[in-house]
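Each remark here refers to the structure printed beneath this line.
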Amino acid sequence: MKTTRWAWSLAGILAGAAGLSTSYLTANALSIRESPVVAVAEDVIRLTPGALAEAAIDVLGHRDKPVLVAVILLLSVGLFALVGRLARRSSWAPTLVLLALALVAALAVLLPKGTANGSDALPVAVGFVTWLLALSLLTAPLRTADGAGPGADATTPADATTPADATTAAEATGSTDRAGQAGLPESSRRGFLVGAAAMAGAAAVVGVLGRLVGAGRREVERIRGLLRLPGVTAPDVPPSALLGTADVTPWLTRADDFYRIDTAISVPVIDPAEWQVRIHGLVDREVVVTFDELNAFEKTEAWVTLNCVSNVVGGNLIGNAWWSGVRIATLLAEAGVRPGADAVLQTSEDGWTCATPIEALTDDRDAMLALAMNGKPLPIEHGFPVRSIVPGLYGYVSATKWVVDLEVTRFADVQAYWTTKGWGERGPVKMSSRIDVPGSGAELEPGEVVVAGVAWAQHTGIAGVEVSVDGGAWTAGEIADPGTVDTWVQWRAVVDLEPGDHVLQVRATDKDGLVQTGVERDVLPDGATGWHGVDVSVSA
Ligand SMILES: Nc1nc2c(c(=O)[nH]1)N[C@H]1C(S)=C(S)[C@@H](COP(=O)(O)O)O[C@H]1N2
Ligand SMILES: [Mo]
């Protein structure tokens with residue numbers, strides 16, 4: 001007995017819908033900014049060449065994203081139908097197609113954005129598993145009807161228009177009652193239809209649930225969009241910070257491109273109206289500050305380059321932004337720090353902790369409780385509504401996102417999240433430098449080659465950089481002057497390259513005269529050291 005082709009297609013489409021809805025629910029339950037489908041749409045927009053994108057915006061106006069999401073969903077329906085049909089003859093072919101789809105989605109979620117973290121791929125994984133389970137559930141009655149397992153009728157391709165294939169004949173005649181007498185025996189037919197209806201219902205329920213679960217984040221995004229932050233100005237990149245070299249990492253990191261590191265599986269979503277920070281411990285009086293109170297304080301603003309202790313030499317867990325907030329020193333002064341205290345244990349809404357030297361919080365580097373990044377309220381992933389920013393220290397000892405508690409204390413008396421796992425207690429940023437152009441593996445013409453990148457020694461400042469070819473003599477490059485010691489600086493140098501394979505290396509010198517060490521150390525326990533090198537080959 002043969003089943004109909006449309007039934008297999010429908011099974012594929014419903015299994016696909018089920019997977020999309022469970023991934024959507026998972027994304028919303030974890031407060032992830034976007035579902036996998038939207039992530040794919042955003043990446044398509046991002047990767048679309050400028051001219052084409054402009055043409056699309058001309059035609060579609062600012063509905064380009066919803067239109068694209070609709071197109072992606074339609075294409076998916078086609079692919080899911082194909083997956084269903086493939087399932088008739090093979091068990092691995094549909095799995096492969098679904099795996100490919102899942103990989104595209106995972107890449108869209110993880111790769112291009114600095115803002116993703118590992119758990120952002122969870123919705124894709126959940127969706128993929130749902131696809132496989134739903135497909136095998138829905139196709140079971142069809143398989144029974146076919147009277148054999150996958151592959152049994154491989155000699156008779158389902159799509160072939162042999163006269164013997166009654167179902168194809170029925171389709172060819174455009175029969176409206178395709179479910180009927182065309183192929184499925186009554187019992188399998190009922191089993192399949194009941195299963196299909198149940199799957200469609202379940203997918204719809206899960207989708208609606210996802211929408212409801214996501215309401216909290218949408219509401220906080222709305223509030224965030226309406227927030228007024230007096231004293232917060234838009235970023236205005238100092239021209240002296242730019243050397244104008246092509247293809248160098250932008251000096252200002254856009255929030256969307258800013259690396260993201262945290263232990264949050266579900267992103268904390270906090271309504272500013274419910275936010276407050278408590279300052280207590282070794283203080284004269286405990287102080288609680290609400291968001292509106294904090295927002296009423298005088299703001300301080302600064303360019304600060306933040307980086308992660310886990311950044312390997314040459315890595316990109318580093319970003320530079322214009323931060324606006326309230327000096328932590330002002331708040332600590334209101335509480336009155338008692339003698340003997342040397343640390344502040346910071347705690348986030350999700351229970352993450354770090355201990356920061358009081359000195360770094362109260363000296364002239366203007367450590368702040370930041371309310372804005374690049375002139376806008378903090379993105380939720382970067383700590384909305386309030387996070388700490390301390391120039392010169394790695395994020396893991398200072399940059400608490402979603403901060404809610406500051407306990408004045410002593411290092412000797414506390415343990416913090418990462419220090420219990422073997423990371424250093426203090427985390428001053430180590431000087432480093434990176435080559436951005438040419439890229440590793442670049443193929444170049446012989447002669448003069450521009451080498452360029454960024455270098456940093458937060459809160460000390462970079463005095464210069466040098467480059468070397470194949471471990472030879474160091475030659476000085478030029479550096480830009482951002483007008484602060486708390487950010488990375490752009491640098492460039494020109495080297496003369498002969499045909500052949502070469503290694504280019506860079507090292508920096510800070511404003512204290514210290515030369516960046518070539519000794520290679522791992523990121524654990526307190527930051528990597530060593531020189532960044534790139535391999536290039538020069539044609540003859
Ligand atoms: N609440 C919270 N804050 C946190 C962390 C975290 O896991 N949880 N990670 C820290 C680390 S290790 C770094 S490097 C910075 C990264 O900040 P970003 O994600 O905004 O780039 O945040 C810090 N603040
Ligand atoms: Mo970090």
Side-chain angles (χ1 to χ4, degrees), residues 30-33 110 113-120 249 252-270 275 277 303-312 315-325 328 344-356 360-361 367-374 376-407 415-430 432 456 458 487-488 522-528:
L30 299 182
S31 304
I32 291 169
R33 190 159 61 101
L110 290 180
K113 294 183 208 65
T115 51
N117 81 355
S119 63
D120 286 3
T249 311
L252 155 68
T253 313
R254 297 184 325 121
D256 277 351
D257 297 332
F258 210 94
Y259 80 96
R260 173 182 163 208
I261 297 283
D262 54 62
T263 58
I265 302 214
S266 175
V267 185
V269 173
I270 305 170
W275 179 91
V277 65
W303 292 104
V304 178
T305 296
L306 179 64
N307 59 314
C308 184
V309 68
S310 300
N311 196 26
V312 295
N316 54 14
L317 296 180
I318 178 164
N320 184 46
W322 174 244
W323 305 94
S324 317
I328 293 175
V344 170
L345 183 70
Q346 308 188 44
T347 307
S348 68
E349 202 259 358
D350 62 330
W352 184 83
T353 53
C354 74
T356 314
L361 295 176
M368 65 171 100
L369 287 188
L371 290 77
M373 177 184 195
N374 293 335
K376 304 233 173 65
L378 297 173
I380 290 179
E381 278 71 18
H382 291 290
F384 183 79
V386 180
R387 77 172 304 170
S388 306
I389 289 292
V390 186
L393 301 184
Y394 285 121
Y396 84 107
V397 291
S398 68
T400 314
K401 306 192 272 190
W402 316 290
V403 63
V404 294
D405 192 284
L406 300 176
E407 180 188 355
Q415 298 263 311
Y417 188 91
W418 286 114
T419 44
T420 59
K421 295 177 167 57
W423 295 83
E425 186 175 76
R426 319 277 167 131
V429 173
K430 292 179 178 168
S432 198
W456 58 91
Q458 285 97 314
T487 66
W488 60 15
D522 186 37
V523 295
L524 195 74
D526 54 11

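One-based numbering, in listed order, for ligands and for the atoms of each. These figures come from a predicted structure and were not determined experimentally.
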- prompt: Is there a side-chain contact between Trp456 and Thr487, using heavy atoms and a 4.5 Å cut-off?
  reply: no

query: Counting distance only, does the side-chain N/O of Thr253 pair as donor-acceptor with the main-chain N or O of Asn320 below 3.5 Å?
result: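 The answer is yes, because a donor-acceptor pair under 3.5 Å joins these two groups.
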
- prompt: Between Val309, Val312, Leu317, which is the residue that forms a side chain to side chain contact (heavy atoms under 4.5 Å, CB included) with Val523?
  reply: Val312

Side chain to side chain contact (heavy atoms under 4.5 Å, CB included) partner of Ser388, chosen from Leu369, Val277, Leu361: Leu369

field: Every residue of the protein that comes under 4.0 Å of ligand 1, judged on heavy atoms
entry: Phe258, Tyr259, Arg260, Ile261, Asp262, Thr263, Leu306, Cys308, Ser348, Asp350, Trp352, His382, Arg387, Gly395, Tyr396, Ala399, Thr400, Lys401, Trp402

Listed once per pair and sorted, the salt bridge (Lys or Arg N to Asp or Glu O under 4.0 Å) pairs that draw on residues 394-405, sequence neighbours left out: Asp262-Lys401, Arg278-Asp405

message: Pairing donors with acceptors under 3.5 angstrom, does anything connect the side chains of Gln346 and Thr356?
response: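 Distance-only check passes for Gln346 and Thr356.
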
